[in-house]
Amino acid sequence: MELVPLGPGFGVEVKGIGLLDVATDADAYRAVRSAFEEHSLLVFRDQPVADDVQAAFSRAFGPLELTKVSSLGQNTFYSRLTNTANGKVVPPDHRQVLVAKANALWHTDSSFKKTPALASVLTARVLPEDGGETEFTSTRLAWERLPRDMQARLKDAVATHSYANSRDQIHPDLATEIERRALPPVRWRLNWRNPVNDRRALYVASHAYAIDGMDERDARQLLAQLVDEATRREFVYSHRWRQGDAVMWDNRAMLHRGRPWDYAHERTMVRTTISATLADGLDEVKPPVLH
Ligand code: OGA
Ligand code: MN
């Protein structure tokens with residue numbers, strides 16, 4: 001295995017080991033897992049991209065998440081991100097384009113779920129000529145850049161996340177009543193310690209909107225400030241997709257967003273998501289129960 005650095009202090013291209021190796025060979029898995037813990041973002045090029053290959057690769061890292069209600073491919077392992085329906089590109093005001101716009105807000109996947117995500121694996125199926133990059137930043141490095149007193153203040157701070165909060169920023173009807181009911185707000189500590197290397201990462205997202213014990217306006221302002229600082233241009237890696245790419249990231253330690261493209265052209269991606277477990281530090285990111 002060879003690791004080629006990609007981003008500013010995080011992210012590597014993995015060479016010499018592919019998705020199928022990880023799915024079938026314990027040594028290959030261990031090598032890639034350790035690269036994942038260390039570098040947070042892994043890019044594999046020229047892969048045999050298909051749903052079953054992606055699921056077999058992803059499953060090596062932990063339990064696969066089922067997609068939420070009202071997703072394309074609801075209650076399966078495959079989250080389909082596409083601006084097509086019945087083989088045709090949808091109009092620009094279509095829900096699926098709004099979903100793409102919500103994905104363009106800096107976020108971490110599934111922080112709004114009862115069980116958050118360890119990692120996501122995204123593959124390109126149909127790409128537009130231009131645009132549609134996926135951008136990443138390390139919230140581990142963002143945490144380490146914070147002044148000591150801010151780290152101390154945020155070490156035990158707890159934020160509330162909800163799916164509706166990010167969707168409401170795009171359109172008031174984007175999150176449906178069914179989704180609002182199925183996905184009530186959840187609370188997580190504002191940092192996630194990686195149990196393998198002990199490094200903390202800021203745990204924020206477009207889904208986060210409140211902080212325990214803080215005025216809501218102040219909390220929103222602080223959260224926005226933390227995201228802005230984490231995502232300053234010089235700290236971002238922009239992934240320009242090629243056919244055959246598979247990209248995996250650590251949702252505990254990364255923020256990501258999809259970039260816009262000309263929505264008159266198709267862009268179709270498939271994501272599998274791996275749930276966090278106790279071994280991934282889930283117990284610590286859980287806040288004390290409110291009473
Ligand atoms: C995702 C996501 C962005 C993109 O799949 O979780 O945010 O570029 N995707 O498609
Ligand atoms: Mn995402």
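Counting from 1, the numbers follow the sequence of the chain as shown. Start at 1 and go down the list; that is how both ligands and their atoms are numbered. Scope of the values below: all heavy atoms of this structure, side chains included, with no hydrogens, waters or symmetry mates.
F10 has its ring centre no less than 6.0 Å from the ring centre of F136.
Heavy-atom contacts of G258 reach the following atoms of ligand 1: 3 (C), 4 (C), 8 (O) (cutoff under 4.0 Å). Within ligand 1, the atoms closer than 4.0 Å to a non-hydrogen atom of H256 are 1 (C), 2 (C), 6 (O), 7 (O), numbered from 1 in the order shown. The distance from ligand 1 to the heavy atoms of T134 drops below 4.0 Å at these ligand atoms: 4 (C), 8 (O). Atoms of ligand 1 found under 4.0 Å from any heavy atom of H107 (numbered from 1 in listed order, with element): 7 (O). Listed by number with element, the atoms of ligand 1 under 4.0 angstrom from any heavy atom of D109 are 6 (O). Near R271, meaning under 4.0 Å from any of its heavy atoms, are these atoms of ligand 1: 1 (C), 5 (O), 6 (O).
The heavy-atom pair separating M269 from A124 by the smallest distance is SD-CA, 3.8 Å.
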Q: Test I17 against V22 for side-chain contact (heavy atoms from CB on, under 4.5 Å), laying out the working first.
A: CA-CA 7 Å; I17 291 185; V22 172; 3.8 Å; yes
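When the options L42, V196, V12 are evaluated for a side-chain contact (heavy atoms from CB on, under 4.5 Å) with F36, the one that passes is L42.
Looking at D109 and the Mn ion (ligand 2) together, the shortest N, O or S contact belongs to OD1. Minimum-distance N/O/S atom of H107 relative to the Mn ion (ligand 2): NE2.
If you take CH2 on W261 and CD on E266, they are separated by 9.5 Å, rounding to the nearest 0.5 Å.
The pair D215-R217 does not meet the salt-bridge criterion, since no charged nitrogen lies less than 4.0 angstrom from a carboxylate oxygen. Between K286 and D283 there is no salt bridge, since no side-chain N of the basic residue sits under 4.0 Å from a carboxylate O of the acidic one.
Among protein heavy atoms, the minimum distance from atom 9 (N) of ligand 1 is reached at L81 CD2, 3.7 Å. Residue, atom and distance of the protein heavy atom nearest to atom 10 (O) of ligand 1 are R267 NH1, 2.9 Å.
Inclusion of W241 in the set of residues having an N or O under 3.5 Å from an N or O of ligand 1 is not warranted.
At a cut-off of 3.5 Å, with distance as the only test, no side-chain donor of N197 or E37 sits close to an acceptor on the other residue.
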